[in-house]
A.B. asks: 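What follows is a structure written as structure tokens; I'll ask about it next.
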Amino acid sequence: MKKLLLPLFLIIFCFHAQSQQEDEDGKRNEETGLLQNENLGKNELSINALSLIAIGALDLSYERNINEDSSWSTELWFQLSDEINDDFVRDFAITGKYKHFFSSNYARGFYVHAFSMISSGKNYDYNYDYENNISMEEDESFTDFALGFGIGGKLISSGGFKADFSGGIGRNLLNDNSPTIVGQVMVNLGYRF
């Protein structure tokens, strides 16, 4: 039940944020498509604060807005801490995303996204030999390619501060040593310029 609370909270928050931003929508500049007070640019840099705090991973993102309804982004993931004891540990990943927005505001509000991810890490396997009373730990490296999708919501302040909340799920396709399912829960904080 606890695993369902965070995605449910994200969905409710995204719909609430979209409705608030639509109420604040003003007149648009016909040449740029931006709100008259929103000449902030099309580039965004951010860091996933949740993964940094919760699991000690550095997750950096660059996003480029294509138009008012879509954007693409690239994310780099580096695992900094060995404190997380899990069967699969992702050490490095590079992710590409395409986002489609459903708000009348310029590249913000509620969105859906598709992603592809190349990741590498280690698969830890624990075996116990009952005859000899020996515990064995084996680790195998993996590199894999995943495809997936997700939902999220993005808020942009009038000064360009960005808060992007999203969750996604995907499937690794190539390697038997990698986890079958990959997930992403992101709380990105950054700046649009």
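Residues take their numbers from the sequence shown, with the count starting at 1.
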A.B. asks: Under 4.5 Å between side-chain heavy atoms, counting indirect links through other Ile/Leu/Val/Met/Phe/Trp/Tyr residues: same cluster for Val89 and Phe92 or not?
C.D. replies: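 No, no single cluster joins them.
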
A.B. asks: Quick one: are the ring centres of Phe115 and Trp72 less than 6.0 Å apart?
C.D. replies: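 Ring centres of Trp72 and Phe115 not closer than 6.0 Å.
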
A.B. asks: Can you list the steps and then say if Lys122 with Glu140 is a side chain to side chain contact (heavy atoms under 4.5 Å, CB included)?
C.D. replies: CA-CA 6 Å; Lys122 289 192 175 149; Glu140 297 178 345; over 6 Å; no

A.B. asks: Looking at side-chain heavy atoms only, is the closest gap between Phe110 and Ser103 below 4.5 Å?
C.D. replies: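 The answer is no, as the side chains (C-beta and beyond) never meet within the 4.5 Å cut-off.
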
A.B. asks: Are any side-chain N or O atoms of Asn123 and backbone N or O atoms of Asn177, one a donor and one an acceptor, separated by less than 3.5 Å?
C.D. replies: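 Looks like yes, one N/O pair under 3.5 Å.
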
A.B. asks: Tell me whether Phe149 at atom CZ has more than 12 heavy atoms from other residues, nucleotides or ligands lying less than 6.0 Å away.
C.D. replies: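 It does not: Phe149 CZ has 12 such atoms or fewer within range.
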
A.B. asks: Between atom CD1 of Ile66 and atom NZ of Lys99, what is the distance when rounded to the nearest 0.5 Å?
C.D. replies: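 With rounding to 0.5 Å, CD1 (Ile66) is 11.5 Å from NZ (Lys99).
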
A.B. asks: Check for me, please, whether Phe161 and Val187 land in the same ILVMFWY cluster - side-chain distances under 4.5 Å, paths through other members count.
C.D. replies: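 Different clusters: Phe161 never reaches Val187 through Ile, Leu, Val, Met, Phe, Trp or Tyr contacts under 4.5 Å.
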
A.B. asks: In the structure I gave you, are the side-chain heavy atoms of Leu147 and Met117 within less than 4.5 Å of one another anywhere?
C.D. replies: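 Leu147 does not reach Met117 side chain to side chain.
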
A.B. asks: Ignoring hydrogens and geometry, is there a side-chain-to-backbone donor-acceptor pair from Trp77 to Arg90 under 3.5 Å?
C.D. replies: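 The answer is yes, because a donor-acceptor pair under 3.5 Å joins these two groups.
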
A.B. asks: With the side chain counted from C-beta on, respond yes when Asp69 and His100 share a heavy-atom pair under 4.5 Å apart, and no when they do not.
C.D. replies: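 Yes, their side chains come closer than 4.5 Å.
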
A.B. asks: Looking at Asp144, is its backbone amide N or carbonyl O close enough to the side chain of Asn172 to form a donor-acceptor pair, meaning the two atoms are under 3.5 Å apart?
C.D. replies: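 Absent.
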
A.B. asks: Output, in order, the C-alpha distance, side-chain angles, deciding distance and verdict of side chain to side chain contact (heavy atoms under 4.5 Å, CB included) for Ile47 and Leu52.
C.D. replies: CA-CA 8 Å; Ile47 186 169; Leu52 185 63; 4.0 Å; yes

A.B. asks: Are Leu174 and Ile118 in one and the same hydrophobic cluster, where Ile, Leu, Val, Met, Phe, Trp and Tyr link if side-chain heavy atoms are under 4.5 Å apart?
C.D. replies: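 They do share one cluster, since a chain of ILVMFWY contacts under 4.5 Å joins Leu174 to Ile118.
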
A.B. asks: Without swapping roles, check the side chain of Asn48 against the backbone of Leu50 for a donor-acceptor pair under 3.5 Å.
C.D. replies: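 Yes.
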
A.B. asks: Quick one: are Phe142 and Ser119 in side-chain contact, heavy atoms under 4.5 Å?
C.D. replies: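 Yes, their side chains come closer than 4.5 Å.
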
A.B. asks: Counting distance only, does the side-chain N/O of Asn105 pair as donor-acceptor with the main-chain N or O of Arg108 below 3.5 Å?
C.D. replies: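 No; zero donor-acceptor contacts below 3.5 Å.
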
A.B. asks: Considering only heavy atoms from C-beta outward, does the side chain of Phe165 approach that of Leu155 to under 4.5 Å?
C.D. replies: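 Result yes, sub-4.5 Å side-chain heavy-atom pair found.
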
A.B. asks: Under 4.5 Å between side-chain heavy atoms, hopping through other hydrophobics if needed: is there a path connecting Ile94 to Phe145?
C.D. replies: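 Same cluster: Ile94 reaches Phe145 through Ile, Leu, Val, Met, Phe, Trp or Tyr contacts under 4.5 Å.
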
A.B. asks: Compare all side-chain heavy atoms of Lys154 with those of Glu44 and state whether any distance is below 4.5 angstrom.
C.D. replies: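 Yes, close enough: below the 4.5 Å cut-off.
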
A.B. asks: Taking it one step at a time, do Arg171 and Val182 satisfy side chain to side chain contact (heavy atoms under 4.5 Å, CB included)?
C.D. replies: CA-CA 6 Å; Arg171 185 177 187 89; Val182 293; over 6 Å; no

A.B. asks: Could you give me the CA-CA distance, side-chain angles and deciding distance for Tyr191 and Asn43, then say whether side-chain hydrogen bond (donor to acceptor under 3.5 Å, both in side chains) is met?
C.D. replies: CA-CA 8 Å; Tyr191 188 73; Asn43 301 298; over 6 Å; no

A.B. asks: For Ser61 and Asn188, does a side-chain donor sit closer than 3.5 Å to a side-chain acceptor?
C.D. replies: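 Short answer, yes.
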
A.B. asks: Under a plain distance cut-off of 3.5 Å, with no hydrogens placed, do Asp164 and Tyr111 share a side-chain donor-acceptor pair?
C.D. replies: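 Per modelled atom types, Tyr111 and Asp164 side chains form a pair under 3.5 Å.
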
A.B. asks: Counting only N and O atoms by type, is there a donor-acceptor contact under 3.5 Å from the side chain of Gln79 to the main-chain atoms of Ile55?
C.D. replies: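 Flag set: sc Gln79 to bb Ile55 pair under 3.5 Å.
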
A.B. asks: Are Leu80 and Leu60 in one and the same hydrophobic cluster, where Ile, Leu, Val, Met, Phe, Trp and Tyr link if side-chain heavy atoms are under 4.5 Å apart?
C.D. replies: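 Same hydrophobic cluster.
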
A.B. asks: Would you say that Leu45 contacts Phe193 through its side chain, given a criterion of any heavy-atom pair below 4.5 Å between the two side chains?
C.D. replies: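 They are in contact (side-chain heavy atoms under 4.5 Å apart), so the answer is yes.
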
A.B. asks: Should Glu63 and Lys97 count as an ion pair when the cut-off is N to O under 4.0 Å?
C.D. replies: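 Salt bridge: no.
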
A.B. asks: Counting C-beta onward and ignoring hydrogens, is there a side-chain heavy-atom pair between His113 and Ile151 closer than 4.5 Å?
C.D. replies: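 His113 does not reach Ile151 side chain to side chain.
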
